[in-house]
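A note on names: the letters A, B, ... follow the listed sequences, proteins ahead of strands, and every chain is numbered from 1.
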There are 2 protein chains.
Amino acid sequence: MQTPTTPSKRRGRPPKVPRANPDTRDALIRGGIEVLTEQGFVSTGIDGVLKRVGVPKGSFYHYFDSKEAFGHAVLSRYADYFARKLDHRLLSAELPPLERLRRFTQDAQEGMARHHYRRGCLVGNLGQEVTLLPAGFDERLEAILQDWQRRVADCLRLAQAHGELAADTDCDTLAAFFWIGWEGAVQRARLTREPTPLALFSQEFFARLSR
Amino acid sequence: MQTPTTPSKRRGRPPKVPRANPDTRDALIRGGIEVLTEQGFVSTGIDGVLKRVGVPKGSFYHYFDSKEAFGHAVLSRYADYFARKLDHRLLSAELPPLERLRRFTQDAQEGMARHHYRRGCLVGNLGQEVTLLPAGFDERLEAILQDWQRRVADCLRLAQAHGELAADTDCDTLAAFFWIGWEGAVQRARLTREPTPLALFSQEFFARLSR
DNA sequence: ACCAATTTAGACCGGTCGTCTCTAAATATC
DNA sequence: GATATTTAGAGACGACCGGTCTAAATTGGT
């Protein structure tokens, strides 16, 4: 999967202790996703990210202008990552459309369990800090949610075409309803450290669809 | 509602500038509700509460052992206040039970608008900080949610008796579903600064009930 | 061989803010 | 007058914050 020679022809002073991921910027963003998803933006210090990734502060400010810029980079990466994950499920032809969405909720259950319910949804978590975040984050967060919502709405329209969903259903509204509730379920699962809220919401959501 | 004489026979050194609420402890808790509901627990400093209430630091530590103890006091007060508000709506005989719950969601819309969507639900907000809070807060928060859930479940059972809700509905599950989603809606409304998520969730929730 | 660009290294800075302590002052009650 | 209660407010003391700065170590270009 990698160039066999792994020549590591990377410019600049080499790391004192070689890291698993030689791409420092990338490593910082990945670490940022983990930390911010657990602790949020405001109460997370740069030093915490640095220590986790094993990178000195100089490198951080070499790649990012500020904590705020870093936050935006992390957010963008997360949004992309998540959109891909979503599409992977929702566009796969192996299952009927509605079942795809249900499987997404199952995937998420496994994901939260894997992290012992300490991490939630980065977008949901930062959303809670909206009054404390630098300007611009709020629009960004809402835009990401709208993007995910659109993807779910498209899937619901496919479900309509398959006859899984009543033809008169407003798929955009239903997708919004899904995400509002789903974020609530993630939040609650994080509090209880149990999969129950996720399972319960999923169960009830699908049970209440008509046709 | 108060003793008519308002004798203010309060022991101890009087405040330099007399406050509207002479009960210092009470004033601190009320102020705490406001601040914590906006900013959460971790990133809120005692000084911020003090300044808002107009109380010196010495008074604070006279009434509370620590920030943590203060947090619990604030939480208890909020839980009580909210439970009363909930019961006021859900037990009133003026409306059919299901309509009472719907009216509760309308009240909440007005409440959030009144604070310009800067405040959410204290329990939901603190829940998001669960990984950062002192031990014990998580159980407390979950217990409060369970309490509210029980109250809603009772209301739903009344709705069943009124024939507003299918007799085979599991009211406990439905109440859990409601709160999971509703907290999500509050969170989202805080992000968008609009009532739309609240209205949309309410609309869809009630539209999807059977019978 | 040399210089420029890149990247890592990490000490350090100034400041904010954190919780909490301490002493004194002013009042009510006994 | 003595004691308990409550308010007043300075300030201790450290943790930590985001961010800067200079140096070192490497590659690539010429």
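A salt bridge links B:R77 with B:D26: the distance from a Lys NZ or Arg NE/NH1/NH2 to an Asp or Glu carboxylate oxygen falls below 4.0 Å. Look at A:E142 and B:R188 and you find a salt bridge, because one of the NZ, NE, NH1 or NH2 atoms lies within 4.0 Å of a carboxylate O, short of that distance. Looking at B:R208 and B:E204, a side-chain N of the basic residue comes within less than 4.0 Å of a carboxylate O on the acidic one, giving a salt bridge. Under the 4.0 Å criterion applied to side-chain N and carboxylate O atoms, A:D172 and A:R157 are assigned as salt-bridge partners. Salt-bridge annotation for A:D147 and A:R150: present, with a side-chain N of the basic residue lying under 4.0 Å from a carboxylate O of the acidic one.
Counting only heavy atoms from C-beta on, B:Y63 has its side chain closest to D:dT6 among D:dG19, C:dT8, D:dT6. Distances from the side chain of A:T24 to the nucleotides D:dG19, C:dT7, D:dT7 place C:dT7 closest. Each of C:dG18, D:dT7, D:dG19 was ranked by its minimum atom distance to the side chain of B:D47; first place goes to C:dG18.
Within 4.0 Å of A:S43, counting heavy atoms only, lies no atom of the nucleic acid at all.
Rounded to a whole Å, the CG atom of B:L28 is 12 Å from the C1' atom of D:dT7. In this structure, NE2 of B:H62 is placed 4 Å from P of D:dT6, rounded to the nearest angstrom. B:Q39 places its CD atom 13 Å from the C1' atom of C:dC17, with the value rounded to the nearest Å. Computed from coordinates, the B:K51 NZ to C:dT16 C1' distance equals 13 Å when rounded to whole Å. Separating the CG atom of A:L50 from the P atom of D:dG19 is a distance of 13 Å, rounded to the nearest angstrom. Separating the CZ atom of A:F60 from the P atom of C:dC12 is a distance of 22 Å, rounded to the nearest angstrom. Per the geometry, CD1 belonging to B:I46 stands 20 Å off P belonging to D:dA12, to the nearest Å.
Where A:G58 and A:V42 each meet DNA chain D at their nearest nucleotide, the meeting point lying more 5' is that of A:V42. Of the residues near DNA chain C, B:G48 and A:V55, the one whose nearest nucleotide (by heavy atom distance) lies more toward the 5' end is A:V55.
A donor and an acceptor atom sit less than 3.5 Å apart, one in the side chain of A:K57 and one in the base of D:dG19.
Considering only side-chain N and O atoms, B:Y61 lies nowhere under 4.0 angstrom from the phosphate OP1 or OP2 of D:dT7.
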